[in-house]
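First the proteins, then the strands, lettered A, B, ... as listed; each starts at 1.
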Amino acid sequence: MIEPRWQQHWEAQETFRAFNPGDPPAAEHPFAVRHGDVAPESIEKYYILDMFPYPSGAGLHVGHPEGYTATDITARYLRMQGRHVLHPMGWDAFGLPAEQYAIKTGQHPRKTTEENIANFTRQIKGLGFSYDWSREVNTTDPNYFRWSQWIFLQLYHSWANPASGKAESIDTLEFPADVTTDEARRDFRDDHRLAFVSHAPVNWCPELGTVLANEEVINGKSEVGGHPVVRRPMRQWMLRITAFAQRLLDDLETIDWSDSLKEMQRNWIGRSEGAEVEFRIQDSEDRICVFTTRPDTLWGATYLVLSPEHEWVDELTTDDQRTAVADYRAAAARKSDLERTELAKEKTGVFTGAFAINPANDEPVPIWIADYVLASYGTGAIMAVPAHDARDLEFAQKFELPVRVVVQAPEGESLESLGFVGDGTSVESGFISGLSTAEAKAKIIEWLEGKGQGKRTINFKLRDWLFSRQRYWGEPFPIVWRDGHHEAVAESDLPVLPPELDDYKPTTEGDPPLARAADWVDLPDGATRETNTMPQWAGSCWYYLRYLDTQNNERHVGEAAEKYWMNVDLYVGGTEHAVLHLLYARFWHKVMFDLGHVSMAEPFQRLVNQGIILGEDGQKMSKSRGNVVNPDGVIDEYGADAFRLYEMFMGPLEMMKPWNTKGVEGVYRFLGRVWRLFIDEGSYKDYEQAVTAAPDQAEALLAGLKLHAAINDAEPTPEQLKVLHACIKKVTDDLDGMRYNTGISALMVFVNEASKWESRPREVLGIFLRLLNPFSPHLAEELADRLGEVSGNTLAYQPWPEWDEAFLVEESIEFPVQVNGKLRGHIDITPETSREEIEQLALACEKVQQFIFEKEVKKVILVPNKLVNIAVK
RNA sequence: GCGCGAGUGGCGGAAUUGGUAGACGCGCUGGAUUUAGGUUCCAGUCUCGCAAGGGGUGGAGGUUCGAGUCCUCUCUCGCGCACCA
């Protein structure tokens, strides 16, 4: 009852609107009431962001509001602290489910999306979050995705200059001397763009009818739906994220993210230092290049292994081996990624018949092919050192290849040097024998470089980002094809809208559904449109920028707004995007930064992961388990305030924790106690009876409630001030540290105390309501309204209370006394009691006496404000 | 296998820098109001013990006057990556 009323009040008042530079609030807006007639941009800003949801048909689940409540509490808290808070919400609305539904029903995905957004909006608004709804964004809105397409064009029109390490206009790319024809120049540019076309093997998911990025494939299955993924060569758009690998790695140091998340990104980027070593092929001038992190083991390299897809395999294979090699390659090509990883427990491979010369000792070593060597990493070829690599050893033992120990394990660590993979001392290794692994690496690289047969290299696991999808419900590429070449659509022609279709189905052969719209594909001048669409990540890569300036029709975001609001001070969301959205967005942001479109190198300064909420049974919530909690039901029964409070009271935000409906009852009871602290019980009972009789009169009857008779204008007692200020201090500290659960418990402690008071000073209760407001804003606003005039007609901009340590000082303290670290008694002291007195009192304490009796007191340790400990023997 | 994180009552979880272990809430037990239950209020609730006292933060050691917190080893669970040379 009171909740919708306050939600309407906030909406009508635009209470939570944030103001861009040059767009000051009206004088009666509570922001102006608080801050006066000053430019909004002169107030210190705080940009607090939630990961915007995909508006699915299932509606909100209890995991969404967990993060949203946390950010809302912090947003409301900082607003009261005087910060100019930007807290927006929007919809990541392109994506598979709406499209799958469209395929089934023939209904346009736009329609489903609209319905789902309406439902999500209703649910989210019902929770009373302090979003600035005037900044709502929707990635499927043409006014939004025209800028997604525009950013794609920025990538298309740039290259990564290795000299500067930055993205630059493609115009700054210089042509080599031998690139002279227009055709060659065009190809050369196209080969360097940050958005480029590739024909390499990609992750094709037949079930979904689209290709997927590496990040979207988990153990050979699609992240969405868990369908098998196979590798097959297709023409696809890629984004050159690899050129930014080092910066994406380095700049992690500059941002305040959890260690585990940073570590996940580091692992995904996968930097490894080593060397490329060239092996001359026997009876040939050709050299084959391998990557190794252990060049110091070169003397132990007894064979080479190429990946089956390596381009030289055909050339190297001898006639004797040709059939075996061809069979093996064919078998490898047939295998899905899943088979190649999970099912390949046993090493397989075949000999090519060819030999290479080990540059260290000039001995011939056989060249094999095997699928445990990946074409996509390093050079697609390795030198096998079976003595010091587990995989090579397994392979060598199976195929009876020679094993040579060249590293001695350090004393005491492992007696066995065979199979030792750590750092030790080189042995049987010519001029590097006797050196430590680190020294040996340096020396052998220097020697190889001198010979021109190797060099120091750094490799990354990160692959370029496969950016096109063969689906309908995504942003069309702003690209046309003419005479087999791609061209950018003019910026003035954006947005490129998708065509209307009758059939949204993907095809089995990977022709995008957009190809069916002949009218749309074929342009009057003979060019044809690109028919792939962008992945869902395109919209989420930059939405945090659009919030800053949603109405701007000239730019993706206005310069002044971007400079004032960026970067995001706090970003809260689940961990599932660790190497997807969060990596992609950082990449786009860096490109935009290099090109001068944004002012900071990193978008998200601080990032906090919320833990998942498990079902009541301690299992992950899922439809099939039937343990899904629907927020609507909880809100209907207990209200939004109780729901918010419970989500935060369950435990620390980052932690995984199970739902417990009894716990909701607990916080609901707490809110009831707060209510009874303020409201006269008799008048409430009358109200309840009257409402039962005349439910339609509820609104009017509510006004008849009386304040509790104990509320008065008396001076607070020192005891009351102590309770209040202890609460202010604890809640403030906890909100600063995002420890919402313990903050709530401090509020409960206050209410438990205050309920006992026979006199309840208005002043004390008013301050308590400000502390309560971020957590349970509806109830706090309602009670504050009843308690007295609130400036600006909302608590939202009331100054946050400050505590005074003077009120917290205890007059008499029960000071703990320990003997040998065990608690034995207490002594009564005051803050003025001197050290000597405390020690004397402690030693004289009766309970203590019986433990130190007839023993030698060795030492008395006094920890001020904590305890005193007597060490005896 | 590698990396990261976590193990505290019947349960969710408290315990800034080592300093009174179990805040707050749930559940449970008893009582009061009402008595139809519920609501609300009061008291109790780590464990052994009548008590004095002993034991106790996954396990085993260690440092310290003092360890949930620091160190070493170990077990279990969760998450991430996984033939990355």
Going 5' to 3' through nucleotides 13-28 of chain B, assign each nucleotide B (protein heavy atom under 4.0 Å from a base atom), S (under 4.0 Å only from sugar-phosphate atoms) or - (no protein heavy atom that close). SS-B--BB--BBSSS-

Whole-angstrom distance between [N] and [M], as gauged at atom [atom1]:
{"N": "B:rU33", "M": "B:rG25", "atom1": "P", "value": "25 Å"}
{"N": "B:rG10", "M": "B:rC46", "atom1": "C1'", "value": "11 Å"}
{"N": "B:rC41", "M": "B:rU47", "atom1": "P", "value": "25 Å"}
{"N": "B:rC75", "M": "B:rG66", "atom1": "C1'", "value": "28 Å"}
{"N": "B:rG22", "M": "B:rC11", "atom1": "C1'", "value": "13 Å"}
{"N": "B:rG61", "M": "B:rU69", "atom1": "P", "value": "14 Å"}
{"N": "B:rC71", "M": "B:rG18", "atom1": "C1'", "value": "13 Å"}

Ignoring hydrogens and angles, are the base of B:rC65 and the side chain of A:K858 linked by a donor-acceptor pair under 3.5 Å? no

Flag the pair A:V608 / A:L653 as yes when at least one side-chain heavy-atom distance between them is below 4.5 Å, and no otherwise.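 Answer yes - side chains close enough.
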
[Y] backbone acceptor or donor facing [X] side chain under 3.5 Å:
{"X": "A:D641", "Y": "A:L779", "answer": "yes"}
{"X": "A:D371", "Y": "A:G349", "answer": "no"}
{"X": "A:Q453", "Y": "A:E278", "answer": "yes"}
{"X": "A:Y740", "Y": "A:I73", "answer": "no"}
{"X": "A:R676", "Y": "A:V674", "answer": "no"}

Tell me which nucleotide, if any, is Watson-Crick or G-U wobble paired with B:rA60 when both distances must be under 3.5 Å.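 Across all strands, the one nucleotide that pairs with B:rA60 is B:rU72.
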
Pairing check on B:rU17: which nucleotide meets the Watson-Crick or G-U wobble criteria with it, both distances under 3.5 Å?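 The base-pairing partner of B:rU17, which may sit in any strand shown, does not exist here.
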
Who passes salt bridge (Lys or Arg N to Asp or Glu O under 4.0 Å) against A:R271, sequence neighbours left out? A:E273

Which is true for A:R463 with a 4.0 Å heavy-atom rule: it touches a base, it touches only sugar-phosphate, or it touches nothing? nothing

Could you classify B:rG30 for me, syn or anti, using a glycosidic angle within 90° of 0 as syn?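 Anti for B:rG30; the angle lies over 90° from 0.
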
Looking only at side-chain N and O atoms, does A:R266 come under 4.0 Å of OP1 or OP2 in B:rC81?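 No.
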
In whole Å, I'd like the distance from the CD atom of A:E647 to the C1' atom of B:rG12. 14 Å

